[in-house]
Amino acid sequence: MTTSPQTIAQSIMKTFRVLPTVPAAASRAIQLLNEPDVDMGAVADVLLSDQVMAARIIRMVNSPLYKLLQEIDSVRTALIYLGPQRVFEIILTSCFLELTDTSSTSPLKMQHCWEHAFGVGLVARKLSSYGGNAAETEQAYIAGILHDIGEVILSQQRREEFARVLVLARERGLDLHQAEMEVFGTSHAEIGALLANQWRFPAIYVDVIRHHHDAQTDQMAPLTHLIYLADQICLSVGFCCKYEHPEQRASEVYGLDLADIEQQLKAIEGIKINDFRASLPAMVQQVKETVDSIYH
Ligand SMILES: [Fe+2]
Ligand SMILES: [Fe+2]
């Protein structure tokens, strides 16, 4: 009898030396922001209790990703200018950066992982915006940021095997999910979903994390399918974690079948992506500038 990827993922998780955690201030702030009458003063107090996170939020707010007219220098001002939804999004992004900010312990290059995560977040938000539902558009961004969280954690926790995954992926032209299945018998999708459950992320994001590499795209939940497509688009423009050097990624730039992607989007929720192709180069630039501004 073969062991299922989910069972293998559970036993791999048991071997993790320290289970990665989402900062306490972040999970408390996320709870507060989910309440019907958001008390922004209380949210600010929680965030200010964690200096590292407060500093990270200020940096994010002033990065090209948000491009406000004036420089924001305090968490309280950020909350007033941006409102709860944006702040929620920034907290989640900060958590992701926090979790992945230990580049020396992973064979993956974190700058590329961040580019991939931001890229998928921005592209998913753009695609979703054509559908016209603001709440779904925000979810798309958050899901994009989080979808590969398992990859970062797996690469940090099982460095030697993950180095083999990278060699295999580069030599045989596999994607990381396929190479992980060969090496581990499970993948970052399963590991990420188990972690997201432990962190009590909303179920809609757990589904994206678990199913974004499934073979049957027509059976995916709409948000998961959207992230799947944003993932494909980002890989084709070179936002991919599996390479070490920029020149290794150059050959993949813009080899994109937009007609097929358009058809799949129509099937999701009648989304029509009028000017998407024209807006893609600017988005790619924005991702690079954002990652540069927070990475150094
Ligand atoms: Fe993935
Ligand atoms: Fe991905």
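Start at 1 and go down the list; that is how both ligands and their atoms are numbered. When reading the values below, keep in mind they use all heavy atoms of this one structure, side chains included, and skip hydrogens, waters and symmetry mates. The shown structure was predicted, so the numbers you read here are calculated from the model rather than taken from an experiment.
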Quiz item: Side-chain contact, heavy-atom cut-off 4.5 Å: Ile145 with Tyr141?
Solution: yes

Quiz item: Any side-chain heavy atom of Gln216 sitting closer than 4.5 Å to one from Asp214?
Solution: no

Quiz item: the Fe ion (ligand 1) to His177: any N/O/S contact under 2.8 Å?
Solution: no

Exercise. Tell me yes or no: between the side chains of Gln111 and Asp292, is some donor less than 3.5 Å from an acceptor?
Key: yes

Quiz item: Counting only protein N/O/S, how many atoms fall short of 2.8 Å from the Fe ion (ligand 2)?
Solution: 4

Exercise. Just say parallel, tilted or perpendicular for the rings of His212 and His147, cut-offs at 30° and 60°.
Key: perpendicular

Quiz item: Taking the Fe ion (ligand 1) as the vertex, how big is the angle to NE2 in His213 and NE2 in His188, rounded to 10°?
Solution: 90°

Quiz item: Among Ile8, Leu194, Leu154, whose side chain to side chain contact (heavy atoms under 4.5 Å, CB included) with Thr186 holds?
Solution: Ile8

Practice problem: Find out whether Phe118 and Gln286 are in side-chain contact, i.e. whether some heavy atom of one side chain is under 4.5 Å from a heavy atom of the other. | Solution: no

Self-check item: Flag side-chain contact, heavy atom, 4.5 Å: Gln178 against Asp175
Solution: yes

